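Okay, so here's the structure we're looking at.
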Amino acid sequence: MRMAKLFGRTVREVPADAEFPSHQLMVRAAMIRPLGAGIYSLMPLGYRVIRKVEAIIREEMDRIGGQEMLMPFVHPAEIWKETDRYYLVGPELTRFKDRGSREMVLAMTHEEVVADLLRTDVNSYKQLPQIVYHLQSKWRDEPRARGGLIRVREFTMKDSYSLDMDEAGLDESYRAHEVAYNRIFNRFGLDFIKVGADVGMMGGSKSEEYMAFSPMGEDTILICENGDYAANREVAVFQSFPQSDEEMLPLEEVETPNASTIQGVADYLNVPLSHTAKAVFFMAGEQFVFVVIRGDLDVNETKLRNLLDAGDLVPATAEQIAAVGAVAGYASPIGVHDATVVVDQSVANARNLVAGANKHGYHVINSNVGRDYEADYIADISAATAGHLCPNCGQPMIARRAIEIGNIFKLGTRFTEAMGATYLDQNGKSHPVVMGSYGIGVGRSAATAVEQYHDDRGIKWPITIAPFHVSLLSIGKDADVLEACDALYDSLTASGVEVLYDDRNERPGVKFNDADLIGNPIRLSISRKTLDADEVELRLRTDDQSINVPQEGIVPHIRQLIDGLMAEYVSLA
RNA sequence: CGGGGCGUAGCGCAGUCCGGCAGCGCGCAGCGUUCGGGACGCUGAGGUCGGAGGUUCGAAUCCUCUCGCCCCGACCA
């Protein structure tokens, strides 16, 4: 591609709203352009990256026997009603009516469509197992789209669906996807990890996420450095604190003026936070939920929601708190009524904690669950943080931020049962098809690569997904320099090398800066000086030194260089 | 949904408090000088000041409504 003809220009200044490095750099490099909140055009340069990402996904999905197809982006609402998701999913599912007043939705995923296809096209065990996949637009009306391609509302996702006769078959399909996903993300060059995740309202039996490390990540993951545990903070567990063997001491009320925060109470009474019981209030529908947790821990709302099997869980209001007899700032379950009391195991394992007295300006010391108040649930509902002990080996865990780039999910028969997608086994007996679903964010993967590979000058694409292998720059305006560049461009292109040829009438500084910004892995330049020496200057985007190589044999040289760079990713895969 | 902020040339911004010629930088076009890390000079094009209504002799500026966008929180594959 000749840059003089390229649609889209690089820009020096970035839109004020771009926060993430990948957002800024991809806009500056003319790869993406916003159309609305969370809605982007992929410019020619950016779309080349996306197509490479998609090509790698296709290769690896085909390798595990996936069959590519394409399912619609607009669905009749009816199938979403059949599985209840029409009602369960919030406003991120966009609903509308067509001209005939028929209810429709914009696809955010395709389980229903797959199940619908199964009803008509798969009736026999002879037609199973199967893996189907597609690369299709999705629309999720996120409350807060941000960060360029990291979190958008319209996006392309690879979603695949495994269709098996039974759980054993699902296990196999799931493992096949693990293999494929490992290869895919390694070929993208990403630094990632697979972690345990929440199954949420999808109701499946197992879910794991592929997480790429990035300080810009919206998720926190807990990792045991021994390699025997890694989980999203939403579900991460840790070794519970040992049961205290202290004697229970008499409950005693103490005055704690102006100590309405747990830290304030701990300071005032000069006890560690871990020796206090903190009260947190939620409403699960109409039910008031009174959570008691050790003062040094935070509630993990996902764990709490799963424990209570509560669809929605929202913080309680001041009125709701007062209505059960609790005094905000000085609250404990002692003497409250009409509340579901959930006690974290950290509190149950401790003795003689400081807690609220439900009286303004007073706390109690030596509170003990079971003696001073009853728990409806005693469970692990606390959020794991760095330093908590690995549930498997007991070593302290670390916490890292990460971007979710893919997930794999054992759905089971949640959808096929609801939609009557069954097959007949050898004995003529009917069973629901057992499904798995597996996603990869295409644009997000590309943007995540930028997050992981950039410097202050621009992007440093892994060669597997770079828009071009080579940036070729003509330096100066001498006719024979330009001729030499044209010739090199033609011969490289003819041999299959992808070249972005900066043939613009620009000063060298502009060209160098744009080449660094766009981030193709190999840069070649020809100038008066190099031409006179029958050489071409070569520089890798990852290096800060350039070398001159003879013009003679340059094409095979570059081909070899590309193969070598590619090999690094293939060997990982 | 709650809180905060911003909409002025393609991009980044000033001007708004205190009403009175719509500006600056980058980019863009032309000419000239320059040419190995985002050059310089001259000339020029480019604006419903997000939109609607109101106040006023006069509104980018004040008032009301509205739309869009961003940030924090809530929520969420």
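Labels below follow one simple rule: chain letters A, B, ... track the order of the sequence lines, proteins then strands, and each chain is numbered from 1. Computed from a predicted structure; not experimentally measured.
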Say you pick atom [atom1] in [N] and the same atom in [M]; how far apart are they, in whole Å?
N: B/rC76; M: B/rU8; atom1: C1'; result: 36 Å
N: B/rG20; M: B/rG58; atom1: P; result: 15 Å
N: B/rC13; M: B/rC70; atom1: P; result: 14 Å

Checking all strands, does [X] fall into the base, sugar-phosphate, or nothing category for heavy-atom contacts under 4.0 angstrom?
X: A/Glu506; value: nothing
X: A/Thr530; value: base
X: A/Arg444; value: nothing
X: A/Asp17; value: sugar-phosphate
X: A/Arg151; value: base
X: A/Glu234; value: nothing
X: A/Arg457; value: base
X: A/Lys477; value: base

Could you check whether the side chain of [X] and the base of [N] have a donor-acceptor pair of N or O atoms closer than 3.5 Å, going by distance alone?
X: A/Glu13; N: B/rG27; answer: no
X: A/Arg539; N: B/rG36; answer: no
X: A/Arg28; N: B/rG38; answer: yes

Could you identify the nucleotide paired to [N], looking across every strand shown and requiring Watson-Crick or G-U wobble geometry with both distances under 3.5 Å?
N: B/rC76; answer: none
N: B/rG41; answer: B/rC31
N: B/rG19; answer: none
N: B/rC26; answer: B/rG10
N: B/rC65; answer: B/rG51

* State whether A/Arg12 places a side-chain N or O below 4.0 Å from either non-bridging phosphate oxygen (OP1 or OP2) of B/rC26. =>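 Checking A/Arg12 against B/rC26: no side-chain N or O falls below 4.0 Å of OP1 or OP2.
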
* Structure fact -> Here the distance between atom P of B/rG36 and atom CG of A/Leu472, to the nearest Å, is 17 Å

* Asked: Taking atom P of B/rG37 as reference, at what distance in whole Å does atom CG of A/Asp455 sit?
  -> 18 Å

* Ring centres of A/Tyr210 and A/Phe185 under 6.0 Å apart? -> yes

* Asked: Any luck finding a side-chain donor-acceptor pair between A/Lys511 and A/Ser471 under 3.5 Å?
  ->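 No, no side-chain donor-acceptor contact under 3.5 Å.
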
* Within 45° of the six-membered ring axis of A/Tyr501 and under 6.0 Å from that ring's centre, is NZ or CZ of A/Arg2 located there? -> no

